[in-house]
Amino acid sequence: MAVRRRPSIPNQTAAPPNPDPGGDPQPPNTAPSLDQFSLAPPKLGLILSVLALFLIPFFYLLFVHYQVESDLRYYISICVALSLVGFVFTVGLIPVAARYLLRRNMFGYDINKRGTPQGEVKVPETLGIVTAIVFLVVAIVLQLCTLTADSDWLVEYNAALACICFMTLLGFDDDVLDVPWRVKLALPFFASLPLMMAYAGHTSIIIPKPLVPYVGLSVLDLGVIYKVYMILLVIFCTNSINIHAGLNGLEVGQTVVISFAVLIHNLMQIGASTDIDYKQAHAFSIYIMWPLLTTSLGLLAFNWYPSSVFVGDTYTYFAGMSLAVVGILGHFSETLLLFFLPQILNFLYSCPQLFGFVHCPRHRLPRFDTQTGLLTGTNDMNLVNLFLRLFGRCTEKSLCIRLLIFQIHDQKDNILCLFAKPPSNNLCCTTPPPSPTHTICFSLSRIRRVLRENKMSSVFLQPKVSSGTRLAGLGSSYHSAQKNALSGKFKIQPPSARLRVYCMKTWSPINNKKFETLSYVPPLSEESIAKELDYILSKGWVPCLEFDEVGAVHRTNSRIPGYYDGRYWTLWKLPMFGCTDSAQVLREMEECKNTYPNAYIRLISFDSNRQCQCMSFVIQKPSQVAN
Amino acid sequence: MVVRRRQSIPDQTVRSSELTPEKEGELSLAAPKLGLVLSILAMFLVPFFYFLFVRYRMEIEIHLRLSILVCVAISLCGFVASALLIPVAARYLLRRNLFGHDLNKRGTPQGATKVPEALGIVTGIVFLVVAVSVQLAVSFLQYNLTADSDWLVEYNAALACICFMILLGFVDDVLDVPWSVKLVLPLFAALPLVMAYAGHTSIVIPKHLVPFVGQSVLDLGWIYKVYMIMLVVFCTNSINIHAGINGLEVGQTVVISVAILIFNLIQIGASTDPDYKKAHVFSIYIMLPLLTTSLGLLAFNWYPSSIFVGDTYTYFAGMAMAVVGILGHFSETLLLFFLPQVLNFLYSCPQLFGIVPCPRHRLPRFDPQTGLLIGSSDMNLVNLFLRLFGQCTEKSLCIRLLIFQAFSCLLCFGLRSILAGWYK
């Protein structure tokens, strides 16, 4: 946000005098600027080693440590391969685009090098646009490779693309036009709406145990408020990266670190879970995060200290939006916020200046000392200056490294804390059950597994792992011992995270007939029936209504062996072949209920491929029984 | 594409004159031609509402009608927003040196004024915001905010494609991307659309050809998808090529989108198949915002233009229409609506592919004395019209071309009704 002084109207000093006034200005003017312009070579050594450092644990987790399904492995490998192609493209295209940007006078000067020769160099700006376009192309090609046309994830994927693309467009607008900040705040709101529409997940949070008596519920459905929370999350993520900036390589560096952490988190969740939907959500996140990581690395090769390009708001908005999108659609927004801890701290610390309580200068940057080449912290309230004040003066590069280490540290702690959270403060209802079959190889997963099993059993070890315990400090021998003890005791897998905290009482069978499965739960609401219907229709089954006055078999008409009355119920109209809209079925149901108010009515569904009935449940019981 | 000489790097002469005095003074745009635009809007709304409320009173369900009305209302807000935002954005664009000079007025005082460029970006962003709001409103009205995935897939794919295209157009306006890149990137932008396309991939063989082909329905499979991509690339570029006169880019978009909207309503009214209706309603949800935001732009872009629309707009408009054509399953009809563009493209081919030398701007010559345009020998529809029908002013040339566009749309309606029996 505040890294560069921009010449918004090129004045006499900024642009070197051009030789040819008048006429067609293009060829004579571009020729000298093209000649004198050559970008410093990318720091490929650094970047490739970072990439290698990341690829090794990633592939280790993917292929050795976890038993991931082979087709998922295949898709993830495709994703990695395509992303690496994206990396190559980014590195190749940035010098080209930099030339175009310079030609359009989109450049800035590095304020943190003011007074040195480097501070006089024109640094092309807004190179984030290359990253974003390469990212979008890679993501679109990935969509083609990983999804089939009838996939449920197509909605989410397209929504994600639309949001990210819209945000990139706005960021680029902002870079080109310097949009006022009010507009900047309002537009991400619109950009996040498709996301909100596509979000089909839960909107409830689990209340921490100690608070349950006060709230009165163990699961609180927030409904609309949860969607508002999501929009706020998007706005926060897009802006927070933009605020935590101002040093060479910091914007891209933090994105790389966060996306790195998100990828590892996803892979661990995939490995640990058995729920297919849950796995898909995290695989979806991987499909988005990999291109983000590699294209960002391509940018980092040029943006790392000393920067030969600047990233612009385009990049910060684009990266923030991508991260927010995967957090929301992958259903791990709470975890994402933990990954954003430095950004949150920076935001909170910046609040007084942002909201105008304390005077806020145009750039909240440290002061640069030309003699020593060191940065000195100013009084401005952001993390960059805070670090300088706390840990003393240092060069820009080492400051950036310190801040990134802080981010990495936070990520590590978060992964640990997240897995280690005892049930008492578990706000994150998405942590899945473990699968106990794997060999345990490194301490992180060991700690996680042991603690998870404790959490499930909620008897063991709980007093020792109270909230806020630093788990990194726990001895490993202790854990292996505990693990052995536990694995002997708890062979049964807990069914799912939701059931752990919320058990439903069965419906009373007294004075009530038992039918198929769902008759053991309270009568279904209209909404639940509609959801079941949606499921039926999404499977391509044929819904059908039947009714009967008795609702049970009887032998009134004959007593011969094997004869029963009431085994078949009467059909209400024909089965609804070709029905695609649950509203139609609901309408039929209403009509049927009105016609036969004192009959049992059930909804059944046929699978025309397997030639059998797949579902059946009662939707109305005669009023006296229901009461 | 070829309307303006662009100021790439502001050179000494421009800068010295620009430095102080004219900065705030000259930024006031000419007043928008609201009278013209509002009368066009009224002329469109009357038949639209006639079809909606009178002609197909019985055929269109009440909830569909309600959604369409809400869409009209939101789109009108979009019109107001784009008309209000354009002067603001024009100031920002001028400040960033995104302006051009009107080549068709060279030699007159008007030819010397700086005309801000790439104003299509305002239209594009307002369109996206309106489209997202429509999505929200419609899903609130029809689906009670539950995620009806089929509809959302297509809508989100449409948004993603259009948004990507706007982004590319704006990047092109700002950076002057080489044309080979321009051709490749719409291919990628079209892919989400192809993924989301869940319809048939077969074509109906005209009755009289059935004996020769041996089938009455030919399933093209992936060739159909290639055809869709080609259609997208064609639509995005054809509007860009058929340009160069004040108001022509926006005018043709307005004419085509009016035609599409009326066509959609007629199809909804005439059909009983809910899926078919849904596809056409979807098209209405996209086309109404396109129409109104374009009208907002036209108010400033009509002769004499106080702004230019830029590649942003032509790409955006072309993509939006290609998207509805494909997802609404009426791409063949769309091509008929695009008849002048197809003719222009075919006629331009020799120059485009380098068989005949192609200058940077294929514009008519302007005579400062008479104020008339004279056709040059370049091969496009604009010059052809001038050569065929004689010299005329820029405004009347634009009107002639738009009338031709309107006629070809009417022709399309006629052809459909005549050929329907013969063809299928």
Side-chain angles (χ1 to χ4, degrees), chain A residues 8-12 15 17-18 20-22 24-26 29-30 33 97 100-101 103-106 129 132-133 136-137 140-141 143-144 147 149-150 152 154-155 157-159 161-162 165-166 168-170 172-173 176-179 187 190-191 193-194 196-200 530 534 538 580-581, chain B residues 5-16 18-19 23 89 92-93 95-98 121 124-125 128-129 132-133 135-136 139 145-150 152-160 163-164 166-168 170-171 174-177 185 188-189 191-192 194-198 274-275:
Chain A
S8 44
I9 293 187
N11 48 32
Q12 298 287 19
N18 292 314
D20 185 18
D24 192 4
Q26 208 150 333
N29 274 336
T30 47
S33 69
Y100 280 100
L101 286 162
R103 197 189 295 166
R104 288 299 291 172
N105 276 322
M106 300 189 66
I129 189 70
I133 290 182
L136 284 171
V137 170
I140 288 171
V141 175
Q143 182 188 25
L144 218 57
L147 296 181
D150 53 350
D152 289 342
L154 212 52
V155 185
Y157 212 103
N158 281 331
L161 282 181
C165 190
F166 198 12
T168 310
L169 176 65
L170 295 176
F172 190 61
D173 268 6
V176 175
L177 303 182
D178 272 328
V179 176
L187 284 174
F190 286 103
L193 284 181
M196 203 197 76
M197 294 282 307
Y199 180 79
D534 283 336
S538 74
T580 52
D581 186 3
Chain B
R5 194 182 63 202
R6 176 185 285 163
Q7 215 67 35
S8 285
I9 294 186
D11 49 38
Q12 295 287 40
T13 49
V14 172
R15 216 183 304 126
S16 54
E18 146 199 293
L19 263 180
K23 257 218 60 195
Y92 281 100
L93 286 162
R95 198 187 295 163
R96 289 298 287 175
N97 280 317
L98 280 163
I121 188 69
I125 290 181
L128 285 176
V129 171
V132 171
S133 313
Q135 183 186 27
L136 200 68
S139 71
L145 277 184
T146 52
D148 173 54
S149 55
D150 281 352
L152 274 183
V153 170
E154 299 201 340
Y155 210 95
N156 282 332
L159 282 183
C163 185
F164 198 21
I166 297 176
L167 176 66
L168 295 177
F170 193 57
V171 169
V174 175
L175 301 183
D176 269 328
V177 176
L185 283 175
F188 290 103
L191 284 180
V194 175
M195 284 293 293
Y197 180 78
D275 276 347

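So that the names make sense, note that chain A is the first sequence line, chain B the second, and so on, each numbered from 1. Fair warning: this is a prediction, and the values are worked out from it, not measured in the lab.
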- prompt: With a 4.5 angstrom heavy-atom cut-off, which part of A/D581 approaches chain B: side chain, backbone, both or neither?
  reply: neither
query: Going by heavy atoms in the side chains, are B/V177 and A/Y100 under 4.5 Å from each other?
result: no
- prompt: Taking every heavy-atom pair that is under 4.5 Å apart, which of B/A158, B/A189, B/C163 has the most such pairs with chain A?
  reply: B/C163
Side chain to side chain contact (heavy atoms under 4.5 Å, CB included) between A/I129 and B/V174, worked out: CA-CA 12 Å; A/I129 189 70; B/V174 175; over 6 Å; no
- request: Rounded to the nearest 0.5 Å, what's the gap from CG on B/N97 to CG on A/N105? Could you check?
  value: 7.0 Å
message: Heavy-atom pairs under 4.5 Å with chain B - which of A/I140, A/L170, A/L161 has more of them than the others?
response: A/I140
task: Let me know if A/L101 has heavy atoms under 4.5 Å from chain B in its side chain, its backbone, both or neither.
output: both
- line: Max heavy-atom pairs within cutoff under 4.5 Å with chain B, candidates A/A191, A/A132, A/A530, A/C165, goes to A/C165
task: Kindly indicate whether the side chain of B/V194, heavy atoms from C-beta on, has any atom under 4.5 Å from the side chain of A/L144.
output: no
task: For B/A157, check side-chain contact (heavy atoms from CB on, under 4.5 Å) against everything at least two apart and list the hits.
output: A/N158, B/A196
- prompt: Within a strict 4.5 Å, meaning less than it, do heavy atoms of the A/V137 and B/L191 side chains meet?
  reply: no
message: Would A/L193 and B/V129 count as a side chain to side chain contact (heavy atoms under 4.5 Å, CB included) here? Give the steps.
response: CA-CA 9 Å; A/L193 284 181; B/V129 171; over 6 Å; no
message: So which atom in A/F190 and which in B/V132 form the shortest heavy-atom distance, rounded to 0.1 Å?
response: O-CG1, 3.7 Å
task: Please tell me if the side chains of B/L128 and A/L169 come closer than 4.5 Å, counting only heavy atoms from C-beta onward.
output: yes
Spacing of CZ belonging to A/F166 relative to CD1 belonging to B/I125, to within rounding of 0.5 Å: 6.0 Å
query: Side chain, backbone, both or neither: which part of B/I166 has an atom under 4.5 Å from a heavy atom of chain A?
result: both
task: Apply side chain to side chain contact (heavy atoms under 4.5 Å, CB included) to A/R104 and B/R96, showing your working.
output: CA-CA 9 Å; A/R104 288 299 291 172; B/R96 289 298 287 175; over 6 Å; no
query: For A/Y157, what residues pass the ring pair (Phe, Tyr, Trp, His ring centres under 6.0 Å) criterion, not counting sequence neighbours?
result: A/F284
